[in-house]
Amino acid sequence: MKLIDLRSDTVTHPTPAMREAMAKAVVGDDVYDEDPTVNQLQEMAANLLGKEAGLFVPSGTMGNLASILAHCGRGDEVILGNKAHTVIYEAGGISALGGIHSRQLPNQKDGTISLEDLQAAIRPEDVHQPPTRLIGLENTHNRCGGVALSPEYGRAVRALADQHNLLLHLDGARIFNAAVAQGVSAKVLAEPFDSVTFCLSKGLCAPIGAVIVGNHAFINRAKRIRKQLGGGMRQVGIVAAAGIVALETMIDRLAEDHARAKQLAKELARIPGIVLDPGTPYTNMLFFNLSPDFPRPARWVIEKLKDKNVLVGDDGERRFRLVTHYWIEEGDIAEAVRIFKEIMAQ
Ligand code: TLP
């Protein structure tokens with residue numbers, strides 16, 4: 001029986017075309033900048049996002065960490081949303097390893113931080129306060145339901161950052177989902193930012209890796225930091241080869257994942273005991289709650305689903321997260337819904 005794994009798009013395996021490209025990849029020592037496949041991937045990434053240069057890193061977490069460390073010194077402050085992945089899921093790396101102070105402002109339901117809150121949080125020149133250096137945003141925004149931030153919002157934050165001489169970083173782990181969902185290019189979404197991290201190993205299906213992009217000076221600083229973090233890899237073209245296939249063939253099809261998430265939402269909404277977040281899903285993520293009258297916690301439902309080969313994520317006692325991806329096919333949605341219905345009626 002097929003395992004229907006809806007926990008995350010991080011669970012995706014490489015496609016057959018990726019495995020073939022990996023087997024045939026021409027490699028070199030990337031710490032010497034001599035891996036032609038890595039160089040090709042970095043150049044493709046930079047072009048796609050309209051930046052001068054790119055840097056291949058092992059994970060989205062390292063991409064955000066190296067970027068923020070490249071922008072901020074010890075004691076500097078970065079403004080982040082309180083639901084940002086960097087705040088919740090990156091083990092406090094920016095503080096632990098960079099001595100960077102994070103100022104966490106409320107994320108609105110649409111994944112943004114209000115311009116008023118941003119404006120009010122920017123510190124004056126004052127010896128008592130850490131200097132504000134950077135603003136970090138996330139697109140799509142994971143904990144805000146996979147919602148996509150618009151190009152207009154990015155530009156408005158850029159204008160504010162410019163008034164105060166601040167830098168802007170984007171955790172664009174799923175920037176291509178945001179682009180496809182809004183019918184705009186990733187370049188347009190990336191344009192207001194000094195640096196962007198995006199992931200190859202989520203909806204794009206590559207087994208490992210993320211790329212950070214920005215100007216040459218930023219990428220040079222990030223490269224030294226990547227080395228400090230132990231992320232200087234050698235014949236890593238073997239992995240980058242899958243990333244090239246990902247960028248060439250896996251972006252436009254993300255629309256299918258979004259359509260399947262919508263289909264899943266429509267059918268789950270009909271099951272008594274399930275209460276969908278209004279407006280959801282925006283992209284490939286679906287968040288929903290158990291209704292107050294449902295007698296059991298999410299964990300109970302999750303264990304029952306697991307017994308039937310359906311894996312879903314929880315996001316609190318009575319809340320779920322389901323994520324669609326390349327390996328979730330048409331029939332899997334109907335099957336997952338059928339099993340959900342059966343369990344919710346027990
Ligand atoms: N997110 C994972 C978990 O860590 C929660 C997931 O299953 O969604 N930025 C964003 C917005 C992310 O969602 C993630 C991964 C990362 C960064 C980190 O990427 P990796 O896992 O490559 O370090």
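Order of appearance sets the numbers: ligands from 1, and atoms from 1 within every ligand. Everything numeric here is computed off the predicted structure, so don't read it as measured data.
Taking the six-membered ring for Trp and the full ring otherwise, Phe320 and Phe287 have centroids separated by 6.0 Å or more.
Neither the backbone nor the side chain of His141 has a heavy atom within less than 4.0 Å of ligand 1. Under 4.0 Å from ligand 1, heavy atoms of Ser59 appear from its side chain as well as its backbone.
With hydrogens left out, the protein atom closest to atom 22 (O) of ligand 1 is Gly60 N, 2.8 Å, a heavy atom. The nearest protein atom to atom 7 (O) of ligand 1, hydrogens excluded, is given as Ser8 OG, 2.7 Å; this is a heavy-atom distance. With respect to atom 9 (N) of ligand 1, the closest heavy atom belonging to the protein is Asp171 OD2, 2.7 Å. Counting only heavy atoms of the protein, atom 21 (O) of ligand 1 lies nearest to Lys202 NZ, 3.8 Å. Closest protein heavy atom to atom 3 (C) of ligand 1: His85 NE2, 3.6 Å.
Without hydrogens or angle criteria, Arg226 side chain to Arg221 main chain gives no donor-acceptor distance under 3.5 Å. For the pair Lys24 (side chain) and Ala241 (backbone), a donor-acceptor distance under 3.5 Å is absent. The main-chain N or O of Leu166 is never found under 3.5 Å from a side-chain atom of His164 such that the two would form a donor-acceptor pair.
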Practice prompt. Might you work through the salt bridge (charged side-chain N to carboxylate O under 4.0 Å, His left out) test for Arg319 and Asp277, ending with a clear yes or no?
Written response: CA-CA 10 Å; Arg319 189 165 169 79; Asp277 288 3; 2.7 Å; yes
Item to complete: Evaluate ring pair (Phe, Tyr, Trp, His ring centres under 6.0 Å) for His169 paired with Phe193, printing each intermediate quantity in order.
Response: CA-CA 6 Å; His169 172 70; Phe193 295 87; 8.1 Å; no
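In this structure, Met285 has no heavy atom closer than 4.0 Å to ligand 1. For the ligand labelled ligand 1, residue Arg7 lies outside the 4.0 Å heavy-atom shell. Put simply, no part of Met62 is less than 4.0 Å from ligand 1, judged by heavy atoms.
Between Phe294 and Trp300, the ring planes lie tilted relative to each other; the angle falls in the 30° to 60° range.
Annotation: Asp9 places no N or O atom under 3.5 Å from an N or O atom of ligand 1; distance criterion only. Considering backbone and side-chain atoms together, Thr140 places no N or O closer than 3.5 Å to any N or O of ligand 1. The shortest N or O to N or O distance between Tyr89 and ligand 1 is not below 3.5 Å.
Taking a cut-off of under 4.0 Å to the non-hydrogen atoms of Arg321, the atoms of ligand 1 that pass are 6 (C), 7 (O), 8 (O). When each atom of ligand 1 is checked for a heavy atom of Glu90 under 4.0 Å away, the hits are 17 (C). Within the listing of ligand 1, atoms 11 (C) sit less than 4.0 angstrom from a heavy atom of Glu138.
Which of Thr61, Asn139, Leu200, Asn64 comes nearest to atom 23 (O) of ligand 1 through a heavy atom is settled by distance: it is Thr61.
When each of Glu303, Glu342, Glu335 is checked for a salt bridge (charged side-chain N to carboxylate O under 4.0 Å, His left out) with Lys308, only Glu342 meets the rule. Of the residues listed (Arg321, Arg143, Lys83), the one engaging Asp315 in a salt bridge (charged side-chain N to carboxylate O under 4.0 Å, His left out) is Arg143, and it is the only one.
Residues Asp171 and Thr197 bring no donor and acceptor atom of their side chains to less than 3.5 Å of each other. Defined by atom type and a distance below 3.5 Å, a donor-acceptor pair is present between the side-chain atoms of Glu90 and His85.
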